[in-house]
Amino acid sequence: MKATEIIGTFFLLFLMMALPSCEGRSGYLDEGQQNTVALLTDVEWLVVYADYGLGNEQTFEDETTVYSFGKDAKGWTAVGSLKDPSVKKYVRSFQWSFTTGNYTVIYTAGNSTDGYRLIQKLTPTEMWLQWSAQDPVLYPNQTTTLYKLKTRKRQ
């Protein structure tokens, strides 16, 4: 066999293996991942309930924590109000990313927001997160805090 035939054969084998893996892909994110990003971003998330464990629960009536996740993997958190959307004190920025392929664990870093948030429920109006200091997939039996949040259109 000539060198050009060998190269051509390898190239053909490469194409035969590579092309099927591209089938059905329209971008970097699959439909489920795109849906999670769409639900998470472009709104403000307001904490309405927290369960710190051992019966230590808190319901928020007005002053609360507000989170905003941007599609550019940047976000911010602030002390805000459930009643007045213009109130945002002590705004802190953070970076965020997903740590799992199914987009159920969010890692945030920066300005005292470090930690992992396991998404237990995510709808257009509410999100339930389980916060932990370490990745809950790798360390499932750690101390956690459950947060329930509701959405508000971004101001």
Side-chain angles (χ1 to χ4, degrees), residues 14-53 56-155:
F14 170 77
L15 285 177
M16 289 173 60
M17 291 186 327
L19 288 178
S21 66
C22 297
E23 182 179 336
R25 300 295 289 187
S26 60
Y28 292 106
L29 305 179
D30 66 29
E31 187 176 333
Q33 293 166 332
Q34 289 175 9
N35 187 45
T36 300
V37 170
L39 289 172
L40 187 64
T41 58
D42 297 329
V43 293
E44 292 178 352
W45 289 98
L46 298 92
V47 176
V48 294
Y49 171 85
D51 181 351
Y52 304 101
N56 188 3
E57 299 176 16
Q58 184 176 5
T59 301
F60 297 84
E61 301 297 327
D62 185 22
E63 187 172 274
T64 189
T65 303
V66 180
Y67 292 92
S68 178
F69 296 89
K71 289 182 181 172
D72 60 356
K74 295 178 184 176
W76 57 264
T77 185
V79 174
S81 169
L82 290 166
K83 299 174 183 175
D84 184 352
S86 67
V87 174
K88 292 181 183 68
K89 302 180 286 188
Y90 314 113
V91 178
R92 299 173 305 224
S93 299
F94 61 84
Q95 298 285 320
W96 68 276
S97 64
F98 292 105
T99 64
T100 56
N102 62 358
Y103 283 25
T104 57
V105 178
I106 302 169
Y107 174 70
T108 59
N111 293 319
S112 73
T113 62
D114 293 359
Y116 295 85
R117 288 151 178 87
L118 173 64
I119 299 172
Q120 294 183 336
K121 180 179 183 178
L122 180 60
T123 71
T125 59
E126 69 179 331
M127 176 167 51
W128 296 10
L129 297 174
Q130 184 179 2
W131 180 89
S132 57
Q134 297 177 305
D135 190 326
V137 174
L138 300 175
Y139 305 97
N141 298 320
Q142 61 183 303
T143 302
T144 63
T145 302
L146 174 67
Y147 292 100
K148 295 180 183 178
L149 301 93
K150 71 174 191 173
T151 58
R152 174 170 65 199
K153 294 281 184 198
R154 195 179 291 170
Q155 298 291 315

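Position 1 is the first residue of the sequence, and the numbers go up from there.
Aromatic rings of F69 and F94 (six-membered ring for Trp) have centroids within the 6.0 Å cut-off, being under it.
Atom OH of Y52 sits in a crowded spot, with more than 12 heavy atoms from other residues, nucleotides or ligands closer than 6.0 Å.
Remark: side-chain polar atoms of T151 are paired, donor with acceptor, to backbone N or O of P124 under 3.5 angstrom. Looking only at distances, a side-chain donor or acceptor of Q142 sits under 3.5 Å from a matching main-chain atom of Q134. Proximity of a side-chain donor or acceptor of W76 to a complementary backbone N or O of G70 within less than 3.5 Å is not detected.
For the atom pair OH of Y67 and OG1 of T77, the computed distance is 4.5 Å after rounding to the nearest 0.5 Å. We find the OG1-CZ distance between T100 and F98 to be 8.0 Å, quoted to the nearest 0.5 Å. With rounding to the nearest 0.5 angstrom, the OG1 atom of T36 is 10.5 Å from the CD atom of E31. To the nearest 0.5 Å, atoms CD (E44) and CG (L149) are separated by 12.0 Å. Rounding to the nearest 0.5 angstrom, the gap separating the CZ atom in F60 from the CG atom in L46 is 11.0 Å.
The residues K148 and E57 are annotated as not salt-bridged, no charged nitrogen and carboxylate oxygen being separated by less than 4.0 angstrom. Electrostatic pairing of D42 and K71 counts as a salt bridge here, judged by a charged N lying under 4.0 Å from a carboxylate O.
Looking at heavy atoms from C-beta onward, T104 lies in side-chain contact with L118 at the 4.5 angstrom threshold.
Of the options I119, T145, T144, a side chain to side chain contact (heavy atoms under 4.5 Å, CB included) to Q130 is made by T144 and by none of the others.
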